[in-house]
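Computed from a prediction, not measured in an experiment: that's the story for all the values here.
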Amino acid sequence: MPRIVSFLPSASEMVCALGLEDSLVGVTHECDYPELVRSKTVVVRNVLPLETMTQSQIDRAVAQRIREGQSLYQIDEKLLASLAPDLILTQNLCQVCAPSGNEVSQVLKALPHKPEILWMTPHSLSEIFDNLRDLGAAVGQTDKAEALIAERRARLEKLKSETSRLEHRPRVFCMEWLDPVYACGHWVPEMVKIAGGADEIGADGGESVRVSWEQLAEWAPEVLVMMPCGFNLQQTMKQVWQHFGPYSSFASENSATFLNLPAVQQDRVYAVDANSYFARPGPRVVEGTELLAHLVHPEHFSWDGPADAFLKVDLDLLRGSFAEERDYYRDGEAIVFTSTYLQRRGYCCGSGCRHCPY
């Protein structure tokens, strides 16, 4: 079997789905699924300290580095050379998502052993499956790849058939970034359509695009899904509170627009684990589509997946509505939040709260 280095979390998932986890010798710091890839050698890391930055800070820093022609990732060239990979999995779709294009080409020039390169640059669900097929061919696992593709396609076709019979397709907005606001792109609008929703802002097969609050208000989504790229559920909920919570510094006019959206008025705002089910073009986009069907049409579709895949945003909490005993109690001069409140808030603040469920 070839020695494989993956520069993509989605590619690492594909490798493991094909039963080749032992051949995976190097990964990025973002590779975290399945659990066993966390023990693999990390050869790629972020340049920016994203964990300590707000979304607006990340947006500005990323834009500046791209304008200056600088990479967002650091590849450990010596470590990569020592791993002597036969196959490197990378992409040329998004400079923000992983090492791409010229930076990968430059690193490869320094390697004494020239590995095969498999470029994974999908724009649609079909192209995600094409990438899986190409990987299967490259590692001698064509039959396994085709079986996995067939199973995944069958689930999507079944869901598509079921949603096609529904009378109403609610207006959906998938918020791929919160500040500034970005609409979803690439394969996500296709997922929304299969799930029985309508999305006329997202760029189907194209890049994620920045949209104004005026555009969002005009679209008037009936279902709002927060899915910031690169964030899991807890990270997403932290961002939701930072931008829309009662003590945020978010612009008042934008906050008013948010609160007046039909999705907010009808209590249909959700945060999701974008990393697992939407942002990464891997096998789990099928689960992501099924999750969307549940969020858009909960009366018709259940969700039997992990409990931490999504959370309904507690809009009363965002508006600053708290109830004593349910959300907090008094301990002398101190106010102590309950585990119920912390679960509804949806993330760990790292302050060591007495009843933290995380």
Side-chain angles (χ1 to χ4, degrees), residues 4-18 20-21 24 26-38 40 42 44-46 50 58 62 72-73 88-100 118-135 145 148-149 152 155-156 174-177 182 184-192 194-195 202-203 205-208 225-236 239 271-292 305-306 308-310:
I4 304 171
V5 167
S6 170
F7 286 175
L8 301 167
S10 57
S12 297
E13 289 190 31
M14 289 184 180
V15 170
C16 294
L18 294 178
L20 297 175
E21 53 272 11
L24 189 62
V27 297
T28 80
H29 67 292
E30 294 177 326
C31 294
D32 56 10
Y33 185 87
E35 182 66 27
L36 62 88
V37 304
R38 294 176 182 267
K40 301 293 183 178
V42 174
V44 179
R45 298 186 184 276
N46 267 329
L50 301 181
I58 293 172
V62 167
L72 299 172
Y73 293 88
I88 292 179
L89 309 176
T90 188
Q91 57 96 41
N92 203 20
L93 176 68
C94 176
Q95 291 175 279
V96 180
C97 295
S100 60
L118 183 58
W119 297 90
M120 296 179 159
T121 309
H123 295 83
S124 65
L125 295 176
S126 178
E127 290 180 4
I128 292 174
F129 295 137
D130 288 342
N131 284 169
L132 181 55
R133 180 175 290 110
D134 292 341
L135 175 60
L148 181 57
I149 292 169
R152 297 275 139 169
R155 285 167 62 178
L156 288 178
C174 294
M175 192 176 287
E176 196 163 293
W177 202 251
Y182 274 77
C184 63
H186 303 117
W187 48 87
V188 178
E190 185 181 359
M191 295 168 67
V192 172
I194 293 173
E207 295 184 356
S208 304
V225 186
M226 309 283 199
M227 54 171 68
C229 185
F231 287 66
N232 62 29
L233 182 59
Q234 276 203 53
Q235 292 167 331
T236 296
Q239 294 298 322
V272 298
D273 179 353
N275 263 352
S276 295
Y277 304 107
F278 299 96
R280 297 176 179 176
R284 287 188 293 169
V285 292
V286 174
E287 280 87 343
T289 309
E290 293 168 342
L291 174 56
L292 277 177
D308 61 356
F310 80 99

From [atom1] ([X]) to [atom2] ([Y]), nearest 0.5 Å:
| X | Y | atom1 | atom2 | value |
| --- | --- | --- | --- | --- |
| S10 | L89 | OG | CG | 9.0 Å |
| E35 | C16 | CD | SG | 11.5 Å |
| S126 | R133 | OG | CZ | 7.5 Å |
| M120 | S6 | CE | OG | 7.5 Å |
| I88 | I4 | CD1 | CD1 | 11.0 Å |
| F129 | L148 | CZ | CG | 8.0 Å |

Pair K40-E21, salt bridge (charged side-chain N to carboxylate O under 4.0 Å, His left out): steps then yes or no: CA-CA 10 Å; K40 301 293 183 178; E21 53 272 11; over 6 Å; no
Below 4.5 Å, heavy atoms only, C-beta onward: do [X] and [Y] meet side chain to side chain?
| X | Y | result |
| --- | --- | --- |
| L132 | L18 | yes |
| V37 | V15 | no |
| C174 | V192 | yes |
| T28 | P9 | yes |
| M14 | I128 | yes |
| D130 | P122 | no |

Whether W177 and F231 hold their rings parallel, tilted or perpendicular, with breakpoints at 30° and 60°: perpendicular
Heavy-atom closest pair, residues R155 and E290: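 Scanning both residues, the minimum pair turns out to be NH2-OE1, 2.8 Å.
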For E190 against S124, the heavy-atom pair lying closest together: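 Nearest pair, atom of E190 first, then S124: OE1-CB, 3.7 Å.
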Sidechain-backbone polar pair: [X] side chain, [Y] backbone, donor-acceptor under 3.5 Å:
| X | Y | result |
| --- | --- | --- |
| R152 | P283 | yes |
| W187 | F278 | yes |
| H29 | V44 | yes |
| Q91 | L8 | no |
| Q239 | T236 | no |

Check: F7 ring centre within less than 6.0 Å of W119 ring centre: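 No, the ring centres sit 6.0 Å or more apart.
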Stacked cation flag R284 on Y33, 6.0 angstrom / 45 deg: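 Ring-cation test returns yes.
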Salt bridge (charged side-chain N to carboxylate O under 4.0 Å, His left out) partners of residues 119-129, not counting sequence neighbours, each pair once: none
Residue among V188, D273, N275, L233 satisfying side chain to side chain contact (heavy atoms under 4.5 Å, CB included) with M227: V188
